[in-house]
Amino acid sequence: MEISKAYDPGVVEEKWYAFWLQNQFFKADENSAKPAYSIVIPPPNVTGMLHMGHVLNNTIQDILSRKARMTGHEVLWLPGTDHAGIATQMMVERQLKKEEKKSRHDLGREAFLEKVWAWKEKHGSIIINQLKKLGCSCDWSRERFTMDPEYSRCVQRVFVDLYRQDLIYKGRRMVNWCPVSQTALSDEEVEMKPQKGFLYHFKVRVLGMEDTWLTIATTRPETIPGDTAVAVNPKDTRYAHLIGKCVLRPFPADIPETARTIPIIGDEHVDFAFGTGVLKVTPAHDKADFEIARRHGLPFLEVIRADGTMDSSAGSALAGMDRFRARKEVVEALRSMGALTEEKPYDHNVGFSQRADVPIEPRLSEQWFLKYPALEASRLCVSEGRMRFHPDRWAKVYEHWLNNIQDWCISRQLWWGHRIPIWSKMLPAGQTVDGRLAEAIRQANDAGDLAVIKTIPQPDGQMRMELATNSEACSKVALVLGFEQDPDVLDTWFSSWLWPFATMGWPAKTGMLQKFYPTTDLVTGPDILFFWVARMIMAGYAFMGGKEQSLPDPMPFRNVYFTGIIRDKQGRKMSKTLGNSPDPLVLIEKYGADALRFGTMRSAPLGQDVLFDEKDVELGRNFCNKLWNACRFRQMQGGAIQDEIQPALLNSDDRWILSSLNTAIRSVTLALNEYQFSEAAAALYRFFWSEYCDWYLEACKAVLNGNDADRKANSCAVMDFILSHVLRLFHPFLPFITEELWHGMGYSADMPSNQGGASIMSAPWPLPLNEDEMEQFGLSQTAFDLTSSKYQLITQGRNLRRIGNIPSGKKVKYVFKPVMALNEHDHEVIRLLLNAESLPVQPDFTPPKGTPSVKTNWGELFLPLEGHIDKAAEKARLQLELGKIEAEILKVKQKLENPGFVQKVPPQVLQEHQQRLVDWQAKMKHVQESIDNLQD
RNA sequence: GCGCGGUUAGCUCAGUGGUAGAGCAUUACCUUGACACGGUAGGGGUCACAGGUUCGAACCCUGUAUCGCGCACCA
């Protein structure tokens with residue numbers, strides 16, 4: 001192959017991705033005899049565009065998948081997208097408004113949904129294509145969407161099943177209402193944000209008492225028209241005597257006083273230290289007040305409408321006004337009637353709709369709720385360690401959430417999503433199920449579908465008959481009989497929580513489920529621990545635990561890896577509004593996908609947020625280029641691939657790099673097994689750059705510049721050995737460039753097709769050398785250390801140039817006074833790497849006075865400078881060094897003189913310290929001599 | 001308020017009891033036959049603070065400060 005000077009990722013990446021797809025290397029075979037490894041992708045929103053969070057997330061999944069393939073696993077990485085109810089609907093609504101100036105209501109439900117589907121068809125694959133650019137090795141033949149027909153049937157089935165068990169019920173409750181999206185939200189979708197507001201005090205007259213007033217503190221005066229009581233703590237001596245009396249509510253001012261006379265009640269909930277100790281009770285617009293009202297049988301008075309504007313019940317002055325505008329109006333009105341006694345700035349937390357970013361309005365409404373199933377099993381699998389969280393501190397957060405769990409509000413007043421599979425009809429009490437419907441229900445159940453009917457008595461004496469079914473035939477009969485389907489749809493997460501098995505053909509016992517469930521790893525951000533991870537665990541235990549699946553453990557995954565959150569280099573969250581979120585595709589264009597992957601992984605330690613800096617990607621690009629050029633260097637030596645290393649011809653540097661490779665294989669494998677991706681990347685980086693390129697390749701040139709063809713060939717064999725291992729170790733991180741070089745260097749040529757012959761993807765993951773191989777190659781710690789100290793000698797020798805201000809590029813003469821026999825190879829390596837013109841070996845060398853030198857266990861190295869030395873400067877430098885050495889000696893001496901130390905410390909540590917003292921003392925002696933030599 | 005995590009070189013971070021590390025940035029030198037997206041050699045840190053345990057603490061314990069996150073919140 002002809003290798004260019006710099007690596008150009010663009011063409012290479014496209015070529016190999018197409019190649020992988022064409023050869024179906026990503027495809028999972030459920031009939032394979034290999035052990036299974038599986039991941040289901042956290043499905044990105046169909047509205048999504050690839051951002052740095054996706055890059056982090058999916059690179060990790062790809063690394064895990066590719067490594068698993070190389071270690072001989074049958075890998076399923078199952079991709080797909082999420083319909084993302086609110087987000088998608090809002091996006092299409094916005095577009096509709098912009099382009100056609102219409103609302104969804106103008107179109108009607110059906111026509112609007114057609115629009116959304118059309119939008120999904122057009123844009124839904126954008127993020128999928130972006131993942132392909134990143135190199136993701138997903139099995140695209142199994143791509144799923146949470147609103148696929150089969151998937152939707154799973155959602156319905158689960159709903160009906162839970163409904164049958166009375167775990168799903170309809171209730172009129174206080175919910176988190178988003179006035180912009182105009183739907184209920186779950187508690188998890190509400191984000192508390194600190195807000196600057198005001199705490200207002202206003203007074204109301206106590207009826208039937210002479211000049212007695214109560215002062216009430218509130219942050220929400222606009223809800224005064226909805227107050228149906230005033231509460232005080234019964235233990236509060238200031239007010240207890242007033243319980244049972246009434247006060248006059250100031251608003252709405254245009255209704256008779258009798259209609260706004262409200263009682264003073266006593267309730268333990270009231271904190272008499274807060275505000276004035278008097279609480280206004282607005283049962284329809286506050287969660288706590290709702291509970292108080294229930295305890296005291298107070299009426300509920302709604303004064304704010306679904307869209308966040310004031311209802312006519314709030315009085316004609318406020319009707320139709322936005323809630324925040326109304327707040328100001330009410331304050332002014334109180335002020336003008338002289339009732340406002342205080343108005344002071346107040347910081348407090350307000351719940352915001354996560355999606356629409358506006359304050360939530362607690363609102364009384366009828367919604368569907370779910371009592372979470374399988375709570376205990378879900379808790380135990382983590383606390384008992386059968387399912388492991390990485391890092392495991394998230395297990396505590398998970399447990400805490402489970403222990404404080406509230407029923408899940410699962411209905412949404414949206415159109416885009418899974419419509420609730422309930423059909424109902426009002427009937428006179430006592431009416432039985434129509435025969436045709438009863439027959440349809442029987443048939444549905446016989447066919448393996450679910451159909452359940454319930455009757456719910458109504459306050460007016462009628463009853464509501466509810467059919468829950470996932471059978472289309474059955475629901476059609478109900479429609480004919482005048483039943484109507486519930487208009488709401490389900491929370492998006494009510495479909496996502498089934499992802500690990502609904503994507504694999506559940507409820508049937510499919511080959512795919514048998515092979516790949518439970519999945520091995522889940523990789524996701526901690527921000528969706530409650531939304532998604534926890535609920536998937538429950539769904540696993542609730543629906544995969546039955547006899548029909550016959551699983552030893554129905555858990556959905558064995559390991560959960562929580563990524564950090566990607567922030568910018570100032571530590572701020574990436575966001576569109578801040579404009580600090582780089583477009584990964586631009587980065588891929590500029591630096592290459594491998595560079596982006598490597599840079600991201602290198603800076604993303606387990607369990608920490610990632611401060612992203614484009615410099616990291618630049619580092620990745622530089623690294624790819626280094627890899628490219630190291631291979632180019634091997635290529636330029638010519639010759640065929642050398643796959644036979646001749647042990648007899650190995651030199652000290654060959655042995656050193658083979659030992660080093662062995663260490664690298666161990667540490668990279670270990671790090672990956674422990675999900676320490678940044679550690680694995682750093683270990684590879686260090687091995688390849690600092691050890692292979694900086695030392696081995698440079699030392700290699702001693703052989704390659706020579707004339708011994710056998711030894712040259714053997715050096716090439718070692719290079720090929722190292723490179724073929726390095727490429728495989730790097731493949732999970734850098735899939736494209738490693739594939740290109742794997743083929744380009746010819747390493748694929750001799751391999752069986754399914755073991756690296758066709759693609760590096762299927763090449764075996766490198767194993768450390770076994771003892772036989774170590775012995776055959778003559779590798780040992782002693783030999784390794786000896787060569788390491790040779791390199792230390794070289795570094796120190798190069799440093800000598802500074803003394804005479806000799807440029808590193810200038811060839812000079814060094815003299816070596818060895819302590820042991822120096823073989824020809826080592827001699828040449830030292831000479832070459834010192835960039836020495838010559839390196840005479842003179843065992844009895846007597847240097848001219850003041851010649852700079854270093855002393856090592858290989859011997860003493862001199863740089864004769866012939867009077868080029870600034871003696872004063874050199875002396876000062878040596879004095880400084882002497883000071884440092886003395887400090888070190890003092891430290892070690894103090895330890896060794898401490899009787900406690902000598903008695904208690906392990907012998908090995910003691911010996912280390914003693915050796916250290918000897919070394920430092922030798923060094924001190926040498927430096928002292930050098931100083932003495934500088935004296936005239 | 002409760003819980004969790006962080007505080008180590010100018011920056012971003014490794015380092016879990018035995019000589020303080022990496023990358024970037026920085027200084028000097030080098031365009032040498034793989035690579036300037038490069039090479040060589042440097043400089044730079046009383047490991048937030050205070051106690052304690054230990055022969056020995058960046059590391060273990062206690063407390064404090066500070067930053068961040070999660071949960072719960074008093075209207």
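Every chain is numbered from 1 and lettered A, B, ... according to where its sequence line falls, protein lines coming before strand lines.
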When you compare the protein's N or O atoms with those of nucleotides 16-21 of chain B, which come within less than 3.5 Å of each other, and at what distance?
from	atom 1	to	atom 2	distance (Å)
B:U19	O4'	A:Arg916	NH1	3.0

(request) Applying salt bridge (charged side-chain N to carboxylate O under 4.0 Å, His left out), name anything that partners A:Lys790, two or more places apart in sequence or on another chain. (result) A:Asp653, A:Asp826
(request) Scan A:Tyr346 against the nucleic acid and name what it touches under 4.0 Å (heavy atoms): base, sugar-phosphate only, or nothing. (result) sugar-phosphate
Atom pairs, N/O to N/O, protein against nucleotides 30-35 of chain B, distance under 3.5 Å?
from	atom 1	to	atom 2	distance (Å)
B:A34	OP1	A:Lys701	NZ	3.4
B:A34	O3'	A:Arg632	NH2	3.0
B:A34	O2'	A:Asn629	OD1	2.6
B:A34	O2'	A:Arg632	NE	3.1
B:A34	O2'	A:Arg632	NH2	2.8
B:A34	N7	A:Lys701	NZ	3.4
B:A34	N6	A:Glu698	OE2	3.1
B:A34	N3	A:Asn629	O	3.2
B:C35	O4'	A:Asn629	OD1	3.0
B:C35	O4'	A:Asn629	ND2	3.4
B:C35	O2'	A:Asn625	ND2	3.0
B:C35	O2	A:Lys626	NZ	2.8
B:C35	N3	A:Lys626	NZ	3.0

(message) Defining pairs by Watson-Crick or G-U wobble geometry with both distances under 3.5 Å, how would you list the stems of RNA chain B with at least three pairs each?
(response) B:1-7 with B:65-71, B:10-13 with B:21-24, B:26-30 with B:38-42, B:48-52 with B:60-64
(request) Please measure how far the C1' atom in B:A34 lies from the corresponding atom in B:C24, and state the result in whole Å. (result) 24 Å
(message) Taking the P atom in each of B:G38 and B:C61, what is the distance between them to the nearest angstrom?
(response) 42 Å
(message) Roughly how many Å apart are B:A41 and B:A65, using the P atom of each and rounding to a whole number?
(response) 47 Å
(request) For A:Thr282 and A:Lys280, test the side chains for any donor-to-acceptor distance below 3.5 angstrom and give the result as yes or no. (result) yes
(request) Compute the centroid of each ring, for A:His913 and then for A:Phe901, and state whether the two points are separated by less than 6.0 Å. (result) yes
(request) Taking atom C1' in both B:C4 and B:A57, compute the distance separating them and give it to the nearest angstrom. (result) 24 Å
(request) Could you pull out all residues at least two apart from A:Glu881 that satisfy salt bridge (charged side-chain N to carboxylate O under 4.0 Å, His left out)? (result) A:Arg877
(request) Please report, rounded to the nearest Å, how far the P atom of B:A75 is from the CE atom of A:Met174. (result) 15 Å
(message) Using heavy-atom distances to pick each residue's nearest nucleotide on RNA chain B, tell me which of A:Glu188 and A:Asp289 is more 5'.
(response) A:Glu188
(message) By the 4.0 Å heavy-atom rule, please label A:Thr282 as base, sugar-phosphate, or nothing.
(response) nothing
(request) Using side-chain contact (heavy atoms from CB on, under 4.5 Å) as the criterion, list what pairs up with A:Asn403, not counting sequence neighbours. (result) A:Arg379, A:Glu399
(request) Could you say whether A:Asp286 or A:Glu191 is positioned toward the 5' end of RNA chain B, judged by the nucleotide with the nearest heavy atom to each? (result) A:Glu191
(message) What is the distance, to the nearest angstrom, from the CG atom on A:Asp613 to the P atom on B:U12?
(response) 10 Å
(request) Quote, to the nearest angstrom, the P distance that separates B:U40 from B:G45. (result) 24 Å
(request) Provide the distance between the two P atoms, one in B:U7 and one in B:A14, to the nearest whole Å. (result) 7 Å
(message) In this structure, how many angstroms lie between the C1' atom of B:A75 and the CZ atom of A:Phe202, rounded?
(response) 11 Å
Listed pairs, N/O of protein and of nucleotides 22-26 of chain B, under 3.5 Å:
from	atom 1	to	atom 2	distance (Å)
B:G23	O4'	A:Arg602	NH2	3.0

(request) Could you tell me which residues satisfy salt bridge (charged side-chain N to carboxylate O under 4.0 Å, His left out) with A:Lys396, sequence neighbours excluded, listed by chain and number? (result) none
(request) Identify, with sequence neighbours excluded, every residue that meets salt bridge (charged side-chain N to carboxylate O under 4.0 Å, His left out) alongside A:Glu191. (result) none
(message) Using the ring pair (Phe, Tyr, Trp, His ring centres under 6.0 Å) definition, which of the options A:Trp394, A:Phe562, A:Tyr561 pairs with A:Phe389?
(response) A:Phe562
(request) Measure the distance from OH on A:Tyr398 to C1' on B:G5 and round it to the nearest whole Å. (result) 21 Å
(message) In whole Å, I'd like the distance from the CE atom of A:Met601 to the P atom of B:A14.
(response) 13 Å
(request) Check the distance between B:C74's C1' and A:Ile292's CD1 and give it to me in whole angstrom. (result) 11 Å
(message) Distance check needed: B:G39 P versus A:Trp695 CH2, whole Å only.
(response) 13 Å
(request) Respond yes when some side-chain nitrogen or oxygen of A:Arg798 is under 4.0 Å from OP1 or OP2 of B:A41, and no when none is. (result) yes
(request) Examine the side chains of A:Glu837 and A:Tyr814 and answer whether a donor and an acceptor come within less than 3.5 Å of each other. (result) no
(request) Using ring-ring contact (aromatic ring centres under 6.0 Å, His included) as the criterion, list what pairs up with A:Tyr685, not counting sequence neighbours. (result) A:Phe623, A:Trp689
(request) Provide the distance between the two P atoms, one in B:A58 and one in B:C49, to the nearest whole Å. (result) 11 Å
(message) Nearest to the side chain of A:Lys396, heavy atoms from C-beta on, is which of B:C4, B:G42, B:A75?
(response) B:C4
(request) Would you please say whether a donor-acceptor pair under 3.5 Å links the side chains of A:Gln915 and A:Asp919? (result) yes
(request) For B:U53 and B:C11, measure between their C1' atoms and round to the nearest Å. (result) 35 Å
(message) Side chains of A:Asp267 and A:Asn233: any donor to acceptor distance under 3.5 Å?
(response) no
(message) So, using ring-ring contact (aromatic ring centres under 6.0 Å, His included) as the criterion, who are the partners of A:Trp408 when residues are at least two apart?
(response) A:Tyr372, A:Phe494, A:Trp497
If you look only at distance, which donor and acceptor atoms sit under 3.5 Å apart when one is on a side chain in residues 691-705 of chain A and the other is two or more places apart or in another chain?
from	atom 1	to	atom 2	distance (Å)
A:Glu691	OE1	A:Ser660	OG	2.6
A:Tyr696	OH	A:Asp654	OD1	2.5
A:Glu698	OE1	A:Lys701	NZ	3.2
A:Glu698	OE2	A:Lys701	NZ	3.2
A:Asn705	ND2	A:Lys701	O	3.1

(message) Parallel, tilted or perpendicular: which one describes the rings of A:Phe530 and A:Trp401, with boundaries at 30° and 60°?
(response) parallel
(request) Please check if the distance between the ring centroids of A:Tyr346 and A:Tyr200 is under 6.0 Å. (result) no
(request) Quick one: label A:Asp271 by what it contacts on the DNA or RNA (base, sugar-phosphate, nothing), any heavy atom closer than 4.0 Å. (result) base
(message) Nearest whole Å is fine: how far is B:G5 C1' from A:Asp392 CG?
(response) 13 Å
